[in-house]
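None of the values given here were measured: they were computed from a predicted structure. In what follows, every chain begins at residue 1, and chains take the letters A, B, ... in the order their sequences are listed.
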Amino acid sequence: MGGNSNVKLIDDNGIRIDGRRVDELRPIKIEAGVLKRADGSAYVEFGKNKVLAAVYGPRECHPRHMQDPSKAIVQCKYNIISFSVSDRKRPGPDRRSVEISKIISEAFEHVVFTENYPRTSIDVYIEVLQANAGTRCAGLTAASVALADAGIPMRDLVPSVAVGKVNDQIVLDLQKEEDNFGQADLPLAIIPRTGEVILMQMDGHLTKAEFDRALEMGVGACKKIYALQKDALARRYAIDKAVDEAEEPAGEQPAEG
Amino acid sequence: MGGNSNVKLIDDNGIRIDGRRVDELRPIKIEAGVLKRADGSAYVEFGKNKVLAAVYGPRECHPRHMQDPSKAIVQCKYNIISFSVSDRKRPGPDRRSVEISKIISEAFEHVVFTENYPRTSIDVYIEVLQANAGTRCAGLTAASVALADAGIPMRDLVPSVAVGKVNDQIVLDLQKEEDNFGQADLPLAIIPRTGEVILMQMDGHLTKAEFDRALEMGVGACKKIYALQKDALARRYAIDKAVDEAEEPAGEQPAEG
Amino acid sequence: MGGNSNVKLIDDNGIRIDGRRVDELRPIKIEAGVLKRADGSAYVEFGKNKVLAAVYGPRECHPRHMQDPSKAIVQCKYNIISFSVSDRKRPGPDRRSVEISKIISEAFEHVVFTENYPRTSIDVYIEVLQANAGTRCAGLTAASVALADAGIPMRDLVPSVAVGKVNDQIVLDLQKEEDNFGQADLPLAIIPRTGEVILMQMDGHLTKAEFDRALEMGVGACKKIYALQKDALARRYAIDKAVDEAEEPAGEQPAEG
Amino acid sequence: MSRAILSEIKKDHIHKLLAKGKRVDGRAWDEFRPISIQPRFSDTAEGSARVKLGNTDVLVGVKMAIGTPFQDTPNKGVLSTNAELIPLASPTFESGPPDENSIELARVVDRGIRESQMIDLEKLCIEPKKEVWMLFTDVYVLDYDGNLFDAATLGAVAALMSTIVPAKENDKGEDFPLPINHIPISVTAVQIENSILVDPTLDEEKVAAARLTVTTDENGDLRAMQKGFAGALSIDQINRMIETSQRLGNELRNMLG
Amino acid sequence: MSRAILSEIKKDHIHKLLAKGKRVDGRAWDEFRPISIQPRFSDTAEGSARVKLGNTDVLVGVKMAIGTPFQDTPNKGVLSTNAELIPLASPTFESGPPDENSIELARVVDRGIRESQMIDLEKLCIEPKKEVWMLFTDVYVLDYDGNLFDAATLGAVAALMSTIVPAKENDKGEDFPLPINHIPISVTAVQIENSILVDPTLDEEKVAAARLTVTTDENGDLRAMQKGFAGALSIDQINRMIETSQRLGNELRNMLG
Amino acid sequence: MSRAILSEIKKDHIHKLLAKGKRVDGRAWDEFRPISIQPRFSDTAEGSARVKLGNTDVLVGVKMAIGTPFQDTPNKGVLSTNAELIPLASPTFESGPPDENSIELARVVDRGIRESQMIDLEKLCIEPKKEVWMLFTDVYVLDYDGNLFDAATLGAVAALMSTIVPAKENDKGEDFPLPINHIPISVTAVQIENSILVDPTLDEEKVAAARLTVTTDENGDLRAMQKGFAGALSIDQINRMIETSQRLGNELRNMLG
């Protein structure tokens with residue numbers, strides 16, 4: 001977080017530099033089943049973020065000493081490609097990617113019925129093709145759809161979004177400039193059916209009251225993203241001429257609030 | 001390739017800077033069985049190139065997951081030592097060495113009767129002690145003799161040479177200055193008994209007609225190198241007081257052409 | 001070794017810059033059983049050196065291909081932490097640490113009854129928390145106590161000290177300035193019961209006569225350190241209300257010489 | 001993946017006690033283990049502290065050097081935080097480059113320090129765009145019994161508070177203490193079934209479903225958070241953990257004087 | 001080594017069809033799969049293209065930066081090509097640094113671009129000996145169904161053709177398109193028994209004996225070649241492959257406009 | 001760990017002969033194997049030598065470059081020594097970065113050269129604090145039959161003695177031979193039961209309990225020592241080994257002319 005910057009990112013009418021209101025998501029696009037080789041896949045755009053996720057497994061766990069005789073392990077690798085950011089990033093994992101991979105892996109360990117597949121590994125790959133703040137949330141959203149596309153039983157889909165603080169206001173789904181000059185960032189992922197939080201990080205400066213407002217805004221937005229996830233899977237199944245199992249059919253614009 | 005350089009590398013009489021004609025090989029020296037610890041070995045000089053090759057195996061394949069239950073795998077490691085080139089090269093494989101190791105491994109997979117030794121590895125090490133253009137060809141030529149010296153059954157020995165284009169002429173067996181300022185490079189390795197090509201790369205600029213001429217020149221030169229390979233093995237067996245199995249005894253100067 | 005430096009490190013009365021005589025050890029503090037998680041541990045100060053040692057094992061040997069079916073292997077890792085030296089050291093092993101780890105491992109292979117624990121590994125970790133010359137000796141001294149604290153049967157404890165040459169005189173237990181500007185360094189470790197040497201390195205410049213004097217001085221000092229090692233273990237067992245097995249009870253100042 | 005296995009007996013024991021509202025070591029749910037803070041442990045670091053939370057033992061050192069600032073913060077010093085989970089501290093820690101656990105630890109400690117604006121980085125500018133002070137904070141875990149996040153943050157904060165900028169030896173004027181603006185404190189709690197336990201031991205971490213680390217400043221404002229482990233947290237649980245962190249944070253802050 | 005195993009049933013199927021002169025997907029032997037070229041996929045790269053050959057899907061980005069030229073080419077820009085076989089694209093791709101397959105791919109693509117003198121590197125010189133433009137071309141494989149060489153070369157060429165040199169934001173005058181001299185196209189064919197198949201699928205690659213990649217320019221001249229796999233090629237087969245590459249190269253070149 | 005296993009039969013054979021005061025190859029206990037020294041093996045190095053001790057075969061090259069001196073020795077050239085145990089030389093050598101064995105070898109060779117002040121490093125200063133000559137000595141083991149320390153030291157010394165400083169091509173005046181002050185020679189002996197054997201073969205090393213390398217100068221003074229292997233040495237044995245090194249060192253030194 002850049003801290004208490006003087007850069008004006010919200011105008012007097014409460015409109016952000018990309019035209020959104022403070023509680024408005026960027027345009028979101030979700031597509032399931034976009035790759036042939038992977039067992040499951042999804043493509044997601046959150047504004048200018050472009051993210052691809054693929055799932056392989058359950059398959060033999062490699063290296064062997066990581067096998068768990070009682071359940072599958074979920075191994076997520078989050079990666080950003082070299083030309084997805086302003087200055088070319090040298091290929092390969094950096095410390096940030098390692099941390100994000102770890103917390104996303106933990107989140108999915110909770111939702112996947114890992115006990116169904118002892119000794120195996122479920123491998124989730126997230127590739128950020130173009131980055132514009134909020135990539136871990138877009139990636140998690142995509143990976144969740146890819147897991148469903150792979151037919152892996154889960155407690156629920158996992159929508160994810162970041163809430164932040166900009167010009168002393170709580171705003172939803174920060175884009176790049178807001179992230180650079182903002183005052184706080186709070187990435188979240190929830191289980192919609194229970195409203196529980198399975199991923200949460202925060203950095204910057206929030207009073208407890210601001211946090212409460214941010215959490216509320218984030219949970220609400222996650223429900224909208226959830227509808228788009230289900231819709232993407234519904235379209236995918238429809239294309240496959242399979243039974244449409246989506247509970248609430250929804251268009252590109254979410255059904256709820 | 002340096003491209004269309006103006007450096008004059010062939011004089012008006014068709015003589016190159018080291019005194020050779022365009023279709024003439026550098027002086028070649030091949031010696032088999034030069035190391036005690038290795039199962040087979042050979043030392044080769046192509047002009048100022050000095051190359052050592054050693055073979056270990058068939059032996060247990062390590063790492064295990066690379067074992068093939070139906071055949072041996074051939075793992076070649078081509079390496080140039082730190083002081084074999086003008087500027088000290090940091091020890092360890094670079095990208096060029098990795099590529100060369102791969103294509104030489106593939107070439108030997110073809111000629112070795114790998115099906116005789118399931119689950120094993122045949123390890124071929126090529127060390128370039130002094131480099132002067134054409135090291136991969138000298139290395140392959142040496143490794144082939146080392147494989148024979150190790151008693152590993154093969155379809156044939158594999159001679160190798162590079163052909164190039166310099167001052168718009170097709171020339172055989174480029175040395176360093178020709179390689180630096182030349183217009184094309186075409187490393188080749190063939191199976192003499194069938195005339196088939198098992199290694200070929202090319203970079204630079206060749207018309208199809210030039211390529212035809214280069215290929216013809218290279219195949220012819222390979223046959224001369226083949227005779228020297230057999231001669232080296234004959235001398236090695238003679239020293240060992242073993243039956244001389246060389247089909248065509250030949251001196252340092254090749255019998256053919 | 002800095003070589004024949006003109007820096008005056010011993011005054012005309014034979015007193016060194018830290019007030020010691022040439023044959024005097026720095027104040028030594030040894031404490032056994034300082035860590036909870038490790039199977040055995042010890043903390044040692046040699047003057048300003050602060051060293052921690054921990055032992056894990058005998059435990060399953062990892063990686064497997066290093067298992068010895070006839071005995072345990074002893075794997076020592078000597079490491080200096082980033083802020084233990086003047087300029088921050090990047091974490092991770094450097095070449096010096098790798099060499100020291102190897103020779104300490106070899107020394108302990110001799111004294112541990114490794115044949116009691118086939119196929120296992122006894123892992124010894126030495127962490128230099130603050131360095132002031134002689135860390136390998138302080139580390140070995142600590143590790144030996146940690147092995148005893150772990151209950152691993154040994155032929156003997158192993159005391160260790162370095163002797164050096166400064167201003168053309170043989171001096172015991174070099175501290176940092178003496179090491180930087182000295183003329184020779186001779187780290188030693190012995191088996192007190194037999195007087196045999198199990199670790200010895202030397203660099204610098206010593207005549208044979210100087211070496212003889214240095215070796216004698218080092219062996220004598222090792223016996224003092226040995227008493228402190230036993231004392232530390234005695235105190236540790238006393239605290240544990242266990243039988244005091246120390247043969248010669250000794251205080252912070254050694255009983256001998 | 002990130003946590004070792006606990007025996008079933010121990011697990012049962014923890015669960016049975018928790019059902020009665022008790023912890024294995026008799027603490028209240030919101031009680032820290034005995035805390036020891038030993039600043040200035042190291043003579044070779046510009047600042048340091050050894051912190052114990054019960055049996056968890058960490059040593060933190062701060063080294064400073066002069067370097068060039070980042071382009072986007074030309075008038076600010078540079079912070080760098082690293083954590084080493086050395087194998088001396090636990091049988092589950094392995095040698096080698098930082099793994100996901102040590103990277104997460106370092107990044108969470110770093111965010112607490114950075115986002116609270118603990119250090120006045122502008123006062124660490126020597127000449128804008130050219131020379132600034134760089135701070136390297138290295139966390140070494142010496143004995144591992146759970147709750148590394150709080151031990152490491154407390155150690156890092158104490159080490160930074162003890163740091164003297166070595167201006168004199170670098171010809172940059174008089175030495176001065178690091179300019180401190182805020183004192184961030186992290187408090188970590190885990191959720192086990194319906195219980196929340198502050199400052200978990202290793203055994204408690206192993207049975208815990210979810211973990212939340214909350215770093216606050218003197219005003220109780222949130223500066224950094226990190227949710228961990230595979231479990232989910234309800235919003236009520238999150239709120240309770242945050243409030244506990246605000247309350248206990250002040251108590252811990254008082255210990256730092 | 002470089003190729004995964006194919007089920008016996010699939011192999012038989014391919015062979016039986018080939019005996020009748022047919023391919024599994026119904027193509028003629030010299031027919032490419034449907035080709036899709038999407039230039040300017042990425043906003044964050046100076047140039048980019050996503051290319052599909054049937055189910056094979058690659059994304060190529062070009063980033064530019066200002067750097068110093070190589071000593072022996074003081075007035076030329078610098079080319080660098082890298083390929084990433086990310087595990088998202090195939091169950092046989094592993095995380096980690098480039099292996100021999102990705103290195104070979106990058107080097108073959110690089111040679112095609114470099115040796116065809118596609119880019120006028122002298123126009124990328126800003127100040128001789130001091131400042132030149134550096135071009136980083138990164139190939140990411142997103143979905144792997146064979147013939148990466150042609151997909152990657154086509155993607156790299158399309159990405160470079162779409163590249164705008166970011167002169168303005170670097171204070172080097174007005175932006176300008178990358179100066180293009182030639183358009184290299186690679187065409188790869190495999191040999192299976194007596195058949196030659198252009199643009200092989202992954203299954204076809206798995207049963208193929210030998211592979212040849214031929215990169216030509218607008219004049220049909222040869223610019224780069226790479227023979228691969230363990231099989232041997234007759235001179236007739238090589239000639240047929242070259243002629244096919246010349247013919248199809250022109251068709252593909254037209255698709256690039 | 002550092003030494004491979006020897007068959008029981010060979011071991012018995014060695015022991016039985018030793019009981020009669022004999023060695024397998026008929027040498028006296030203090031006799032070296034036939035020594036061959038071939039200086040100037042390489043055209044591409046500034047200095048080089050190939051040295052054989054019986055079947056042990058090492059190639060050493062010296063490359064020079066201009067660089068900046070270390071801060072604490074602003075008027076001295078820089079020495080750097082590296083050793084490569086390439087897999088060509090032995091079935092027990094593996095590809096990859098230097099392991100503990102090659103690091104120990106390099107460091108022992110380096111200490112012999114450095115501590116004997118063999119090279120007049122002040123004459124390698126071009127401009128104090130700014131430019132000095134850097135010497136890179138690379139030891140490659142080509143065939144491994146024991147006693148690498150002596151072969152490598154002899155090779156390094158011979159290579160350095162043959163080195164011509166390439167001043168002219170670097171515009172630093174006329175070329176000149178490396179300024180040599182002293183000629184260090186290392187002599188290694190092993191202890192097997194009560195025997196001491198100089199210049200051990202690989203088989204002798206495998207049965208040996210302890211090893212001592214002693215490097216002396218022309219005056220017989222000690223410059224470096226390294227004790228190795230897990231055995232213990234009595235002070236008498238150490239003295240005998242040192243005296244042998246002094247005596248044989250002079251013989252070997254004469255071979256270098």
Side-chain angles (χ1 to χ4, degrees), chain A residues 1-4 66 68-70 73-75 87 93-103 105-112 114 121 155-156 158 165 180 183-191 194-212 214-216 219, chain D residues 1-3 5 71-73 76 80-83 97-108 110-112 114-117 121 182 184 191 209-217 219-239 241-243 245-246:
Chain A
M1 293 286 101
N4 293 295
M66 290 185 67
D68 185 326
S70 67
I73 63 166
V74 180
Q75 299 190 88
D87 292 324
D94 55 10
R95 294 167 62 92
R96 178 180 167 276
S97 299
V98 170
E99 184 193 359
I100 292 174
S101 297
K102 180 176 194 286
I103 59 171
S105 297
E106 289 176 344
F108 282 128
E109 291 244 357
H110 186 71
V111 292
V112 171
T114 54
S121 176
R155 284 171 227 287
D156 204 350
V158 182
K165 180 174 156 189
N180 288 350
Q183 297 156 293
D185 188 26
L186 178 81
L188 281 175
I190 68 163
I191 307 175
T194 64
E196 289 173 312
V197 172
I198 57 169
L199 180 143
M200 183 168 76
Q201 297 182 287
M202 182 246 150
D203 65 283
H205 190 171
L206 288 178
T207 63
K208 179 65 169 63
E210 287 170 336
F211 170 76
D212 292 341
L215 188 58
E216 189 190 14
V219 170
Chain D
M1 206 149 85
S2 54
R3 293 179 295 157
I5 283 127
Q71 276 196 340
D72 51 349
T73 53
K76 286 188 178 180
S80 169
T81 308
N82 180 59
D99 67 357
E100 57 175 21
N101 295 304
S102 57
I103 288 172
E104 187 189 22
L105 174 59
R107 288 177 62 84
V108 169
D110 186 84
R111 279 202 287 270
R114 190 182 300 275
E115 300 297 339
S116 68
Q117 298 170 302
L121 293 176
H182 298 285
Q191 175 237 323
R211 183 191 68 206
L212 185 66
T213 300
V214 178
T215 305
T216 57
D217 62 20
N219 305 314
D221 288 354
L222 306 179
R223 296 299 196 149
M225 292 199 289
Q226 182 88 341
K227 188 258 167 193
F229 299 172
L233 291 173
S234 71
I235 289 173
D236 277 356
Q237 287 169 330
I238 291 170
N239 283 327
M241 286 171 166
I242 291 175
E243 283 150 18
S245 172
Q246 291 172 316

(message) Looking only at heavy atoms and a cut-off of under 4.5 Å, which of Gln237(D), Arg223(D), Glu104(D) has the most pairs with chain A?
(response) Arg223(D)
(request) Can you tell which part of Asn219(D) gets under 4.5 Å to a heavy atom of chain A, answering side chain, backbone, both or neither? (result) neither
(request) Please state whether the side chain, the backbone, both or neither of Leu199(A) comes within less than 4.5 Å of a heavy atom of chain D. (result) backbone
(message) Other residues, nucleotides and ligands only: do more than 12 of their heavy atoms fall within 6.0 Å of CD on Glu243(D)?
(response) yes
(message) Which atoms of Val111(A) are under 4.5 Å from chain D, going by heavy atoms: the side chain, the backbone, both sets, or neither?
(response) neither
(request) Name the region of Leu186(A), side chain, backbone, both or neither, that has any atom closer than 4.5 Å to a heavy atom of chain D. (result) side chain
(message) Quick check: closest heavy atoms across Pro187(A) and Gln201(A), and the distance to 0.1 Å?
(response) CD-O, 3.0 Å
(message) With chain A as the partner, which of Leu233(D), Thr215(D), Thr213(D) has the greatest number of non-hydrogen pairs under 4.5 Å?
(response) Leu233(D)
(request) Taking all heavy atoms of Ser116(D) and all of Pro184(D), pick out the closest pair and write down the distance. (result) OG-CG, 3.4 Å
(message) The test is salt bridge (Lys or Arg N to Asp or Glu O under 4.0 Å); show your working for Arg95(A) and Glu99(A) and say whether it passes.
(response) CA-CA 6 Å; Arg95(A) 294 167 62 92; Glu99(A) 184 193 359; over 6 Å; no
(message) What I'd like to find out is whether the side chain of Arg155(A) reaches to under 4.5 Å of the side chain of Thr194(A), using heavy atoms alone.
(response) no
